[in-house]
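Below is one structure, written out as structure tokens; the observations come after it.
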Amino acid sequence: MSRYSAPDIEAKWQSAWDQAGIFRAQRIGDKPKYYVLEMFPYPSGKLHIGHVRNYTMGDVIARYKMATGHNVLHPMGWDAFGMPAENAAMASGGHPKDYTYANIAVMKKQMKPLGWSLDWSREIATCDPEYYGQQQALFLDMLAAGLVYRKNAVVNWDPVDMTVLANEQVIDGKGWRSGADVERRELTQWFFKISDMSGELLDAIDGLDDWPAKVKLMQANWIGKSRGLQFAFDRTDGGQIEVYTTRPDTLMGASFVGISPDHPIAKELEQHRADVAAFCADARKGGTTEEAIEKAEKKGFDTGLRVRHPFDPAWELPVYIANFILMDYGTGAIFGCPAHDQRDFEFATKYGLSILPVFEPNDDPITDLTDAFVPAKTDTVRYVRGFAGADVQTGADAVEAAIDHCEARGIGAGVTKYRLRDWGLSRQRYWGCPIPVVHCATCGVVPEAKANLPIRLPDDVTFDIPGNPLDRHPTWRDCACPSCGAPARRETDTMDTFVDSSWYYARFTAPHAATPTVTEDAAYWMNVDQYIGGIEHAILHLLYSRFFARAMQITGHLPQSAIEPFDALFTQGMVTHAIYQTRTAEGRPVYHYPDEVELRDGGAYLRADGREVEVIPSAKMSKSKNNVVDPVNIVASYGADTARWFVLSDSPPDRDVEWTASGAEATSRHLARVYRIAVECAATPDGTGDGDADLLKATHKAIDDVTKGIESFGFNAAIAKLYGFTNTLQKSTAGGTAQKLAARTLAQLMSPMTPHLSEEIWAMLGGVGLVSVAAWPVADPALLVDDTVTLPIQINGKRKAEISVPADMPKEEVEKAVLAMDAVVRALDGAAPKKIIVVPGRIVNLVI
RNA sequence: GCCCAGAUGGCGGAAUGGUAGACGCGCUGGCUUCAGGUGCCAGUGGCCGCAAGGCCGUGGAGGUUCGAGUCCUCUUCUGGGCACCA
């Protein structure tokens, strides 16, 4: 074969790999193990270019590790439960199960031609009873270990459709289908006690040396450790209001107490006061997201209740119900210090509350807090001298001093709190893992017996009306109480799909076992050595997985050593694309795939009927917005190696990229050129040419550059070096022996990115066996150093000339040589330089 | 609103505090070709200049340094996350 033909080459080598079974991971041999995992996909039914980017990156690592002598585990599966399948069922009348498995089949068919080194024998789908049954077993063990409990929590409630909405289904505070104003409503739900591990999850971040700093920072902020004072205000009508504050040093500036609309006091008032009930109902409008709550207009309601300031019983503060106070954080009640908090300031201004400065700027610092907390003489300014601008007590010191002071006076206690809330896992939906518990009239909530697992989802369900089909199924709920045997009812809530993805990495080590994990397999393969996925998972998925690894260790499903499941993490950037939108007659948005849209005359139009579409700026490729680009066209037109090389070559892996396919053809031409060069090298007679010293050096430089590039996830930079090496090889006249060696090395260095082409070239040039398993080349350090270096010469920091000198020339001689240069003599104009800076091998700078 | 990132030619981007724009795309010119494509060669940040060369230049404003795309402060815009999208 004399021309590059991707389809022939790729099919041939894929079947060669299959026959050799080189991607089948087995727990044998004495090679060090290496577990590389990319975040598994939701089976949307359409492989998109973001998937290709993600899995190709992982494949480069997996193949590189295989070549460097590791026993590699590189599995693939499906995060297969979730809302889209139910939405599809509601829209088109099919069944979520059929929809999901059909999508899996399609995507798998799209994935196979890309030549990823996946061990398909370990394929799992979270919607398979074989998987979710084991998840139910895990849940029961966690329940027994006290890691799961029930409590009330708020959900988005659509009062028209009478159903719970996901945050995604709340658009501008309204239900996506009904358009009704969404309300926050409480339901009894199941929770994982992740907050019990707040401190540990925070502290252990320090040990995650191979995680991106930004992810660790985001997680730390999310867990949100704070130090503050918890104390009670006495109500003038008896009783107390418990408050937590991180700013006890501003206590003297308090002008009101605020409580959440969900606070027990608010709820009690609501029972018999119509005005309170009306305010609380209004405050509960809108979605449950923190963003919606924080951005909502700040509203308060004076309950008429009054509390006494802890330092001065005569000083009374009003109690407001405020819509921005979260019941989930602290005690659900705060004191407001408008002089030192922006939100409190706005609130106080709106409701005409006093603003009392606590700090007197530019005053002498004082350290005696007993004095400091004595109210000042005037009624209008009760300040504490000295905190602001003080050298001795600022920030955390001031807070700690204030806590000490309050404790000494018997007012509350210093406490450490975390922002992290327990993880609510209940979902009022069908297409998820059933929560394996039973509600019995006599025994209460009873765990299902393990022998009855898996609790399977029923197939005979309908989606013609909103709500959870499990709730209205005629018989599925009916069961016998595992404890007393009496008729009982199943829990109809299913689990959050985050549960499914919180332990799949462990399941991959023994994907078809009759227990969640197998000790020997987990001990051998865990931890994941390299985890790769989108930055959008920086907080939730990764934190939940860290929690689950701990929970699985507590329940005996993972070894102690796997307490942190992911040794190294790489967060790839997202592939973004413009969103094309039209609207229905009712005004609901309809999203169109980019390939349905034609761009012309500065506008965008539907190919089908020519209607103009609205172009919404780029966002991450997402099934729900249809702004996904299908890579199969590139694979079909140019082959897998082109697609792989193309997605890796143009942008740094951790950066977001706006997708464009322009350049794919040029990539294909480059690969054809590499092939042609290899053919020419194969045909070049041995022993001709000008010798091989330069080519050999270039070869070893390429080995060094590409190796470093792969190890540091600098795939685009590694590819740039490969272009350079290819150009060098193409121009080389070193002779057949040297050129063949260089071309074979080029094939090897390219093999993690373009494995099919590399195999072909490797075989053509007499490589032994498969290049995929050939030992990775090692650069000879002696060939990496240059004898002479070119130093730029700056005058006052501006480059004026350059000089070529031996690499080991002493500083003084470099100086002498530089000062003798015409350009330097001219610039100095007879004067002596004030300073000469010589950085060996780098630069010379003259200050004149 | 809060937390985290990012911003460099026409485009994607490169650059341990040390020659900004490697490498690629695109474009321009040339050779090859009946022609198109392919292939090969050369050029390609802006401004001034015949040239040699000079000046400017990494979102914006300051600062540290012999030297800043890189470090610090402030700021603008874009992207991600905000606990029921996955």
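All heavy atoms count here, side chains included; hydrogens, waters and symmetry mates do not. Every chain is numbered from 1 and lettered A, B, ... according to where its sequence line falls, protein lines coming before strand lines.
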### Message
In whole Å, measure the gap between the P atoms of B:G43 and B:G80 for me.
### Response
41 Å
### Query
When syn is taken as a glycosidic angle within 90 degrees of 0, is B:G9 syn or anti?
syn
### Message
At less than 4.0 Å, is any side-chain N or O atom of A:Arg429 found next to OP1 or OP2 of B:C85? Yes or no.
### Response
no
### Task
Could you check whether the rings of A:Phe498 and A:His541 sit parallel, tilted or perpendicular, using 30° and 60° as the cut-offs?
parallel
### Query
Expressed as a whole number of Å, how far does the P atom of B:C3 sit from that of B:G69?
29 Å
### Query
When you compare B:G62 with B:A51, how far apart are their P atoms, in angstrom units rounded to a whole number?
34 Å
### Message
With a 4.0 Å limit, can you tell me whether A:Lys798 has a side-chain N or O closer than that to the phosphate oxygens OP1/OP2 of B:C56?
### Response
yes
Side-chain donor-acceptor pairs under 3.5 Å in residues 717-731 of chain A, sequence neighbours left out?
{"from": "A:Tyr723", "atom 1": "OH", "to": "A:Trp645", "atom 2": "NE1", "distance (Å)": "3.3"}
{"from": "A:Thr726", "atom 1": "OG1", "to": "A:Leu722", "atom 2": "O", "distance (Å)": "2.6"}
{"from": "A:Asn727", "atom 1": "OD1", "to": "A:Arg673", "atom 2": "NH1", "distance (Å)": "3.2"}
{"from": "A:Asn727", "atom 1": "OD1", "to": "A:Arg673", "atom 2": "NH2", "distance (Å)": "3.0"}
{"from": "A:Asn727", "atom 1": "ND2", "to": "A:Tyr723", "atom 2": "O", "distance (Å)": "3.4"}
{"from": "A:Thr728", "atom 1": "OG1", "to": "A:Gly724", "atom 2": "O", "distance (Å)": "3.0"}
{"from": "A:Gln730", "atom 1": "OE1", "to": "A:Arg673", "atom 2": "NH1", "distance (Å)": "2.5"}

#### Entry: Minimum heavy-atom distance between A:Ser501 and A:Phe40, given as atom pair plus value
CB-CE2, 3.7 Å
### Task
Rounded to whole angstrom, note down the P distance from B:U16 over to B:U28.
34 Å
### Query
Given the C1' atoms of B:U78 and B:A35, what is the spacing between them in whole Å?
47 Å
## Note on the structure
A:Leu326 atom CG is separated from B:C2 atom C1', nearest whole Å, by 11 Å
### Message
Taking the C1' atom in each of B:G39 and B:U32, what is the distance between them to the nearest angstrom?
### Response
8 Å
### Task
Verify the contact: side-chain N or O of A:Asn221 to OP1 or OP2 of B:C4, cut-off strictly under 4.0 Å; return yes or no.
yes
### Query
Closer than 4.0 Å, any side-chain N/O of A:Arg655 to the OP1 or OP2 of B:G6?
no
### Task
For A:Met574 and B:C4, give me the distance from atom CE to atom P, rounded to whole Å.
17 Å
### Task
State plainly whether the residues A:Arg669 and A:Glu665 are in salt-bridge range, i.e. N to O under 4.0 Å.
yes
### Message
Once hydrogens and angles are ignored, does a donor-acceptor distance under 3.5 Å link the base of B:C82 to the side chain of A:Glu290?
### Response
no
### Summary
Comparing A:Glu536 with A:Arg427, nearest RNA chain B nucleotide closer to 5' gives the residue A:Glu536
## Note on the structure
Between CD of A:Gln572 and C1' of B:G80 the distance, given in whole Å, is 13 Å
### Task
Considering just the side-chain nitrogens and oxygens of A:Asn796, establish if one lies under 4.0 Å of OP1 or OP2 belonging to B:G67.
no
### Name of the residue among A:Asp422, A:Leu425, A:Val155 meeting side chain to side chain contact (heavy atoms under 4.5 Å, CB included) with A:Gln189
A:Val155
### Query
Quick one: A:His670 NE2 to B:C40 P, roughly how many Å, whole number?
11 Å
#### Entry: Steps toward ring-ring contact (aromatic ring centres under 6.0 Å, His included) verdict (A:Trp503, A:Tyr131)
CA-CA 10 Å; A:Trp503 72 286; A:Tyr131 185 86; 4.7 Å; yes
### Task
Quote, to the nearest angstrom, the P distance that separates B:A7 from B:U58.
14 Å
### Query
With a 3.5 Å cut-off and just heavy-atom distances, do the side chain of A:Gln189 and the base of B:C84 make a donor-acceptor pair?
yes
### Message
Could you go through A:Phe192 and A:Tyr544, starting from their C-alpha distance and side-chain angles, then the distance that decides it, and tell me whether this counts as ring-ring contact (aromatic ring centres under 6.0 Å, His included)?
### Response
CA-CA 10 Å; A:Phe192 288 122; A:Tyr544 290 155; 8.5 Å; no
### Query
Counting only side-chain N and O atoms of A:Ser651, is one of them less than 4.0 Å from OP1 or OP2 of B:G13?
no
### Task
Tell me, please, whether A:Tyr329 has A:Lys417 positioned over its six-membered ring: NZ or CZ under 6.0 Å from the ring centre and within 45 degrees of its axis?
no
### Message
Given B:A86, B:C84, B:A83, identify the nucleotide with an atom nearest to the side chain of A:Phe498.
### Response
B:A86
### Query
Over how many whole Å does the gap from A:Asp79 atom CG to B:A86 atom C1' extend?
6 Å
### Message
Taking the minimum atom-to-atom distance to the side chain of A:Asn167, which one of B:A83, B:A86, B:G13 wins?
### Response
B:A83
### Task
Return the stems involving RNA chain B, sorted by first number, where pairs are Watson-Crick (N1-N3 with N6-O4 or O6-N4) or G-U wobble (N1-O2 and O6-N3), both under 3.5 Å, and runs are 3 or more long.
B:1-7 with B:76-82, B:10-12 with B:23-25, B:26-31 with B:39-44, B:45-48 with B:53-56, B:59-63 with B:71-75
### Distance test, side-chain N/O of A:Asn727 to OP1/OP2 of B:G24, below 4.0 Å
yes
### Rounded distance in Å between the P positions of B:C50 and B:A22
27 Å
### First of A:Arg673 and A:Arg842 reached from the 5' end of RNA chain B, by closest nucleotide
A:Arg842
### Heavy-atom neighbours of A:Asp471 CG exceed 12 at 6.0 Å
yes
## Note on the structure
A:Asp650 has its side chain closest, among B:G12, B:C82, B:U19, to B:G12
### Query
Do the side-chain N or O atoms of A:Asn716 get closer than 4.0 angstrom to the phosphate oxygens (OP1, OP2) of B:A14?
yes
### Task
Can you tell me the distance, in whole Å, between the CG atom of A:Asp656 and the C1' atom of B:C4?
12 Å
### Query
Rounded to whole angstrom units, what separation is found between the CD atom of A:Glu168 and the C1' atom of B:C82?
15 Å
### Task
Report yes if a side-chain nitrogen or oxygen of A:Arg669 is closer than 4.0 Å to either non-bridging phosphate oxygen (OP1 or OP2) of B:G39; otherwise report no.
yes
### Query
Hey, does the side chain of A:Gln730 come within less than 4.0 Å of B:C40's phosphate (OP1/OP2), counting only N and O?
yes
### Query
Counting only distance, no hydrogens or angles, is the base of B:C84 paired donor-acceptor with the side chain of A:Gln428 under 3.5 Å?
yes
### Distance-only donor-acceptor test, A:Asn845 side-chain atoms vs B:C66 base atoms, 3.5 Å
yes
### Task
Determine, for A:Arg427 against A:Asp496, whether the closest basic-nitrogen to carboxylate-oxygen distance falls under 4.0 angstrom.
yes
### Task
Starting from C1' on B:A5, measure out to CE on A:Met218 and report it in whole angstrom.
7 Å
